[in-house]
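Take a look at the structure set out below.
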Amino acid sequence: MNAFYKTLVASAIATATLSTAHAAEPIEVYGKLNVTVQSNDEGDGSVTEIQSNASRFGVKGGFELSDSLEAFYTIEYQVDTGNASSDNFTARNQFVGLKGNFGSFAVGRNDTLLKKSQGKVDQFNDYSGDLKALFKGENRLAQTATYLTPKFGDFQLGVTYAAEGDSKQDEDGFSLAAMYGDSGLKKTPVYAAVAYDSEVAGYDIVRGTVQGKIAGFVLGAMYQQEEEVDSGNSIDGYLLSAAYKIQQVTLKAQYQDMEDKGDSWSIGADYSLGKPTKLFAFYTDRTSIDYVSDDDGDVSEFSIDESYFAVGIEHKF
């Protein structure tokens with residue numbers, strides 16, 4: 001770990017200690033380690049790896065500036081425990097903002113509203129079955145400004161501005177979302193969202209998401225249409241997911257299909273050892289479609305069969 005990261009960790013611990021002692025500015029140090037023993041077969045034979053799945057740590061907090069205004073911030077890094085290099089940190093969300101009766105406004109590195117609008121419909125988020133394998137739009141951009149309105153009952157609107165100066169942007173882009181309910185399904189039995197990306201990371205995207213609890217099942221669905229800005233090529237696809245909890249065990253399944261890209265299905269189970277810790281296993285099978293042009297310009301289509309099997313442990317702190 002280089003000097004920068006040592007300084008970052010030391011500063012976070014020191015700040016947390018001082019904040020607790022003086023109760024001036026509460027700060028939360030948080031994160032998780034999610035590691036699997038995993039067999040990956042991506043069409044050219046299987047390889048066994050000890051794989052990190054978006055393990056991370058960060059600090060976040062807020063400060064009350066007045067009765068109606070609060071400053072807040074997040075600084076988060078991803079830790080790849082399976083990286084051969086010990087310098088294994090990459091930036092995740094890192095932003096600062098203000099919130100009050102007007103809603104909230106944040107600037108910095110952040111997920112777009114379209115990405116946030118998925119809620120928890122992806123039952124294999126951060127794993128090999130993550131919806132980003134077939135769907136565009138899972139963007140975290142370095143140069144963003146995000147505004148969220150106050151909640152109107154269970155409704156909330158938001159917009160992310162993606163600046164042209166971002167490395168993924170050829171020009172300014174916008175990501176908008178309208179959301180209903182609690183994505184954790186604790187305050188409302190249904191969560192739904194409609195989102196739209198305009199010229200974000202080279203794509204225009206329309207996405208609709210819904211998830212709800214029915215007879216003990218958590219059922220979800222997503223529809224997406226994506227158009228590449230430069231070519232004008234447009235394709236669409238969908239995702240279906242389900243989960244069912246039996247005491248300490250949560251059974252999960254998911255199917256995803258994207259036109260001209262392929263399809264994927266996943267099954268898995270989580271076993272809770274306590275609130276912060278779980279054991280889990282999953283299997284993902286994906287067929288990816290690729291295209292190759294010969295010397296005459298003729299295009300041939302071929303498919304690649306991929307499979308992933310893993311058992312792992314996750315601990316949150």
Side-chain angles (χ1 to χ4, degrees), residues 42-43 54 90-93 109-119 121-122 124-146 158-179 193-210 220-241 254-266 284 286-306:
E42 297 180 329
T90 53
R92 287 176 60 88
N93 290 337
R109 184 186 302 273
N110 210 344
D111 295 338
T112 64
L113 256 299
L114 182 132
K115 181 181 179 182
K116 291 179 180 177
S117 74
Q118 70 168 272
V121 72
D122 185 358
F124 294 86
N125 183 50
D126 292 335
Y127 300 147
S128 300
D130 193 306
L131 65 84
K132 69 182 178 183
L134 294 176
F135 285 5
K136 295 292 184 179
E138 297 300 287
N139 295 307
R140 176 181 297 118
L141 303 179
Q143 299 187 24
T144 69
T146 297
V159 58
T160 298
Y161 163 70
E164 182 181 1
D166 189 282
S167 61
K168 294 183 180 180
Q169 293 294 122
D170 294 326
E171 54 187 298
D172 293 341
F174 294 90
S175 181
L176 304 94
M179 297 161 285
V194 177
Y196 174 66
D197 270 4
S198 174
E199 299 185 350
V200 175
Y203 281 83
D204 293 340
I205 298 174
V206 176
R207 173 181 288 183
T209 303
V210 63
M222 176 185 289
Y223 167 79
Q224 177 158 309
Q225 182 181 75
E226 55 190 50
E227 179 179 324
E228 189 174 15
V229 173
D230 289 342
S231 68
N233 292 333
S234 177
I235 56 177
D236 61 2
Y238 64 91
L239 175 148
L240 301 172
S241 66
Q254 186 160 290
Y255 179 76
Q256 185 181 8
D257 182 272
M258 175 53 82
E259 178 185 3
D260 296 334
K261 279 190 179 181
D263 58 24
S264 174
W265 60 268
S266 301
T284 293
R286 181 163 56 245
T287 300
S288 300
I289 300 173
D290 206 349
Y291 302 87
V292 175
S293 299
D294 60 22
D295 294 337
D296 297 325
D298 296 326
V299 178
S300 299
E301 175 185 314
F302 68 96
S303 62
I304 302 172
D305 293 325
E306 305 167 347

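Along the sequence shown, the residues carry numbers beginning at 1. Not measured: the values here are computed from a predicted model.
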* Structure fact -> Between Ser175 and the options Thr160, Thr144, Asn139, Asp197, the side-chain hydrogen bond (donor to acceptor under 3.5 Å, both in side chains) test singles out Asp197

* Asked: So, do Lys261 and Lys136 sit near enough that their side-chain heavy atoms are less than 4.5 Å apart?
  -> yes

Using 0.5 Å steps for rounding, measure from the [atom1] atom of [X] to the [atom2] atom of [Y].
X: Thr90; Y: Arg140; atom1: OG1; atom2: CZ; value: 8.5 Å
X: Gln169; Y: Gln143; atom1: CD; atom2: CD; value: 9.5 Å
X: Asp305; Y: Arg286; atom1: CG; atom2: CZ; value: 11.0 Å
X: Glu306; Y: Thr284; atom1: CD; atom2: OG1; value: 10.5 Å
X: Glu259; Y: Leu134; atom1: CD; atom2: CG; value: 12.5 Å
X: Glu171; Y: Glu199; atom1: CD; atom2: CD; value: 3.5 Å

If you look at every heavy atom in [X] and [Y], which pair is closest and at what distance?
X: Phe174; Y: Val200; answer: O-CG2, 3.4 Å
X: Ser266; Y: Gly129; answer: OG-CA, 3.8 Å
X: Phe135; Y: Gly237; answer: CZ-C, 3.9 Å
X: Val121; Y: Val210; answer: CG2-O, 4.1 Å
X: Gly232; Y: Glu227; answer: O-CG, 3.7 Å
X: Leu131; Y: Asp122; answer: N-OD2, 3.0 Å

* Asked: Between Asp260 and Ile289, does a side-chain contact (heavy atoms from CB on, under 4.5 Å) hold up when you go through it step by step?
  -> CA-CA 6 Å; Asp260 296 334; Ile289 300 173; 5.8 Å; no

* side-chain contact (heavy atoms from CB on, under 4.5 Å) between Ile304 and Glu42, intermediate numbers included -> CA-CA 8 Å; Ile304 302 172; Glu42 297 180 329; 5.9 Å; no

* CA sep, side-chain torsions, deciding dist, call: Leu176, Leu113, side-chain contact (heavy atoms from CB on, under 4.5 Å) -> CA-CA 6 Å; Leu176 304 94; Leu113 256 299; over 6 Å; no

* **Heavy-atom neighbours of Lys115 NZ exceed 12 at 6.0 Å** =>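 Atom NZ in Lys115 is crowded, with more than 12 foreign heavy atoms closer than 6.0 Å.
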
* To do: Could you check Gln256 against Gln254 for side chain to side chain donor-acceptor pair (under 3.5 Å), going step by step and ending with a plain yes or no?
  => CA-CA 7 Å; Gln256 185 181 8; Gln254 186 160 290; 5.1 Å; no

* Asked: Step by step, would you call Lys116 with Met179 a side-chain contact (heavy atoms from CB on, under 4.5 Å)?
  -> CA-CA 10 Å; Lys116 291 179 180 177; Met179 297 161 285; 5.6 Å; no

